Number of protein chains: 2
Amino acid sequence: MTKETPLDLLRAKGYKITPQRRAVLQAFASCPPFPTAQQLCEEVRKQQPDVSLDTIYRNLSLLTELDIVHEIFRSSGNVYELADATHHHHHLVCTECGHTECIDVCPMTDAYEQEAAKKGFAITGHIFEFYGLCQKCQQKLHKK
Amino acid sequence: MTKETPLDLLRAKGYKITPQRRAVLQAFASCPPFPTAQQLCEEVRKQQPDVSLDTIYRNLSLLTELDIVHEIFRSSGNVYELADATHHHHHLVCTECGHTECIDVCPMTDAYEQEAAKKGFAITGHIFEFYGLCQKCQQKLHKK
DNA sequence: ATTAGTGCAAACGTTTTGCAACTAG
DNA sequence: CTAGTTGCAAAACGTTTGCACTAAT
């Protein structure tokens, strides 16, 4: 029942703990929710001005592979969230401004797994996202 | 109860019916399901060799805006589907090869709308996608 | 010492843009 | 006629790659 930290997991898999890697993980705490690679990079650069954006990308893709972070596709660049910190949830995304909030519901059931299995699919994950207009954007559009 | 065709809708909104636009709409029929802009372009070029890819993009974005087609984000380039032809459904996507199938279930309920409304969101749409491995890719990975 | 990780620069693929020419209504 | 549409070329954007150098183990 010991909780494995991201760093433990990296070590366990034989990856090195570099200052850059530490910083990427920490950056999530001080970034807006669902940061882009860019935003994370800017955050990391406050501590380590010389990190390169590609290092951020490389680490994000490693962390995604290890399921330490989740990568969420957006038409205008992907965003990330720390996996372990958050319990399972889904998102409300404003189609105007991109503002994102979490919503504590999940429709996933065994029935879907079975439905998928009929087609030969083994489900490993799912996304359920709502698109709409946040309050601000509703007002803005109303005035026009 | 008259069914509005995509062309009617375009006309009604004051957009012109160009050969390129017709061809894009037709291309969906002869393309693999969930084509990319590239694939649609190649299909259109069989009839009209000189269409430019940007015209395809411009039309897809217009058609998406009018909800005639749906744009689905993928990390490796977005894909499209004709909205009207298909009843409401969701997708199974293979994370290895990208193979996509439809699944005839939808968990959307009023309860979600209300939950979202509490946070000031007006929901306009949603996506529910399952990720996993298709049969082929399961076998392939098993052999390794 | 060894292997993994880094920064740099350049490349990549998708999508968007400005513009002058064209065309459907 | 004329507003909307096109093709072209170039750019923008997020992301990935090859390489020689550096650093964690």
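Below, chains carry the letters A, B, ... as their sequence lines are ordered, and counting in each starts from 1. Worth saying up front: this structure is predicted, and the values here are computed from it rather than measured.
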When rounded to whole Å, the CD to P distance for the pair A:E65 and C:dG5 reads 11 Å
**Prompt:** Phosphate oxygens OP1/OP2 of C:dT16: is one of them under 4.0 Å from a side-chain N or O of B:S61?
**Reply:** no
Quiz question: by atom type and distance under 3.5 Å, do the side chains of A:H90 and A:H126 form a donor-acceptor pair? yes
With respect to the phosphate group of D:dA24, does any side-chain polar atom (N or O) of A:Q20 fall under 4.0 Å of OP1 or OP2?
no
Would you say C:dG7 has OP1 or OP2 under 4.0 Å from some side-chain N or O of A:T55? yes
Testing D:dG7, C:dG7, C:dT14 for proximity to the side chain of A:V51, the answer is C:dG7
Between CG of B:D50 and C1' of D:dT5 the distance, given in whole Å, is 16 Å
Checklist entry - Have A:S61 and A:T64 got a donor and an acceptor in their side chains that come within less than 3.5 Å? => result no
Original post:
Would you say the base of C:dG25 and the side-chain of B:R11 have a donor-acceptor pair closer than 3.5 Å?
Top reply: no
When rounded to whole Å, the CD to C1' distance for the pair A:Q48 and C:dG7 reads 13 Å
Picking from C:dA4, C:dT6, D:dA24, the nucleotide nearest the side-chain atoms of A:T18 would be C:dT6
Taken to the nearest whole Å, CG/A:L53 to P/C:dA9 is 14 Å
Separation of D:dT5 atom C1' from B:K13 atom NZ, nearest Å, is 19 Å
Sidechain N-carboxylate O distance under 4.0 Å for B:E113, B:K118: no
Whichever of B:Y80 and A:R21 has the more 5' nearest nucleotide on DNA chain C, that residue is A:R21
Quiz prompt | base_contact_polar (C:dG7 base, A:R58 side chain, donor-acceptor, <3.5 Å) | solution = yes
Looking only at C:dG25, D:dT6, C:dA4, the nucleotide nearest the B:N59 side chain is D:dT6
Separation of C:dT23 atom P from B:R22 atom CZ, nearest Å, is 16 Å
Among C:dT15, C:dT6, D:dT5, the one nearest any side-chain atom of B:Y57 is C:dT15
The ring pair (Phe, Tyr, Trp, His ring centres under 6.0 Å) partners of B:Y112 (sequence neighbours excluded) come to A:F128, A:F130
task: Give a yes or no on whether the backbone of A:I17 and the side-chain of A:R11 come within a donor-acceptor separation of less than 3.5 Å.
output: no
Side chain A:D54 and base C:dA9 donor-acceptor under 3.5 Å:
yes
Rounded to whole Å, CZ of B:R45 lies from C1' of D:dT6 at a distance of 13 Å
Rounded to whole Å, CD1 of B:I17 lies from C1' of D:dT5 at a distance of 12 Å
C:dT15 phosphate, OP1 or OP2, under 4.0 Å from B:N78 side-chain N/O | yes
